Amino acid sequence: MLAESDLPRAVRIREVGPRDGFQNEPEIIPTSEKVRLIDLLARTGVRRLEVTSFVRPDVIPQLADAAEVLAAVDIPQDVAISVLIPNERGLDNALALLDRHPGPRRAFDEINVFLSASETHNAKNVNRTVEESLVGLEAVLPRAAAAGLRCEAVVATSFGCPYEGRVESARVLEIANRLAAAGAQEIAFGDTTGMANPRQVGAFIATALARLGGTEVTAHFHNTRGQGLANVLAALDAGCTSFESSFGELGGCPVPVGATGNIATEDLVSMLHEMGVGTGIDLDLLLAAADEVRTVLGRSLGSHTLVAGPVRWS
Ligand code: ZN
C-alpha cells in the first residue's frame, strides 16, 4: 500500500488550459476573456503556465491572437510563461515578439515543442514523418536555448496511438534522447488519446527516469477513458514529480476528432493535497478560475471537483 513516505513532498504542475484547452474549443474565445482567465490562473499559486501557441492562424484560428494575449496578460514574475512552438517559422515569430516586448518581464520564459511518437498520428497532426519533425526540432531547440529560453518537448502518443495501437517504449525513449541531446531540458510524455493504464505508466516512467538522467520527466495525461488520475498515481509512485493538466478538464487534440480533455488541474490538485503532496496551488482560487471558464464557455465541463467542490473535513 502506498504510504505517505513513498510519495514526493511536492510536485510541479504546468497549467496548459489556455493553450491545449482554448485551441480545442469550437468557438473562438475573445482575447479579453482569455486574458482575464489567464490572469486569474496566474494568481492561483501555479508556477508554470502555458499561455498560447505560435501555430499558423489559418490552422488554429483559436490562438491567432498569441501576440495580443502575451502583450496584455499580467503574470507575476515567479510564474514561468510557456508558449507552444510548432516549427522554425513559429520560433521566428516568437523570437521577434520577445525582442519587441516592453515591460519588466519577458513575454515568455519557456517554449514547448511537440511531435508524436507514432508515424500516423504525426502525419495527421503536422503532415511530417517523425524523422522530419525531429530534424526540424533539432534546429528549433538550440536557437531557443541560445535566446535564454527553457525548452520542453512533448512526445504525443507516447503510450499508444489511436491509428497504430501499441507504441514501443524503446522508440519513445529514443525520440526523447534525441530531443534532450538537442537541448530539451524537460520531456513530457503525452497520453494524447487516453490509452494508457497505470501498470504501463508505472513501468514506462520508471524506465524514462532511469534513462533520461538530468532531463526533467513530465507526465501529460488525458482523461479520455477516465484513467487520468489513476495514471498520475502510477507515475508518482514511479518517481515522477512533474505534471501537466488543464483547468476545467479542457483540451484535446486536433486529431482524431473527438479526442477529449486533459486531466482537470483541480481534480489533480485535490487528489495530491488530500494525499499530502504539495503543489503550491490554492484550490479555492483554482476552482474560481475554472468556474469562470465554465461561465465563459457556457457549458458544463468534465472536471469533477468543479461540480462537487473541495473535500471539507470539518
Ligand atoms: Zn494534451
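Keep in mind that this is a model prediction, so the values were computed, not measured. One is the number of the first residue; the rest follow in order along the sequence. Remember, it's 1-based here, ligands and their atoms both numbered in the order they're listed. Worth knowing before you read on, the calculation uses all heavy atoms, side chains too, and leaves out hydrogens, waters and symmetry mates.
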>> With side chain to side chain donor-acceptor pair (under 3.5 Å) as the criterion, how do Thr44 and Asp282 come out once you've worked through the C-alpha distance, each side chain's angles and the decisive distance to 0.1 Å?
In response: CA-CA 5 Å; Thr44 59; Asp282 181 315; over 6 Å; no

>> Regarding Arg14 and Glu50, does a basic nitrogen lie under 4.0 Å from an acidic carboxylate oxygen?
In response: no

> Are Asn231 and Ile263 side-chain neighbours, meaning at least one heavy-atom pair lies under 4.5 Å?
Replying inline: no

> With Arg47, which residues qualify under side-chain contact (heavy atoms from CB on, under 4.5 Å), at least two apart?
Replying inline: Asp78, Val79

>> At less than 2.8 Å, how many protein N/O/S atoms surround the Zn ion (ligand 1)? Leave waters out.
In response: 3

>> Determine whether a donor-acceptor pair (N or O, by modelled atom type, separation under 3.5 Å) exists between the side chain of Gln62 and the backbone of Glu25.
In response: yes

>> For Pro86 versus Leu137, what's the shortest heavy-atom pair and its separation?
In response: O-CD2, 4.4 Å

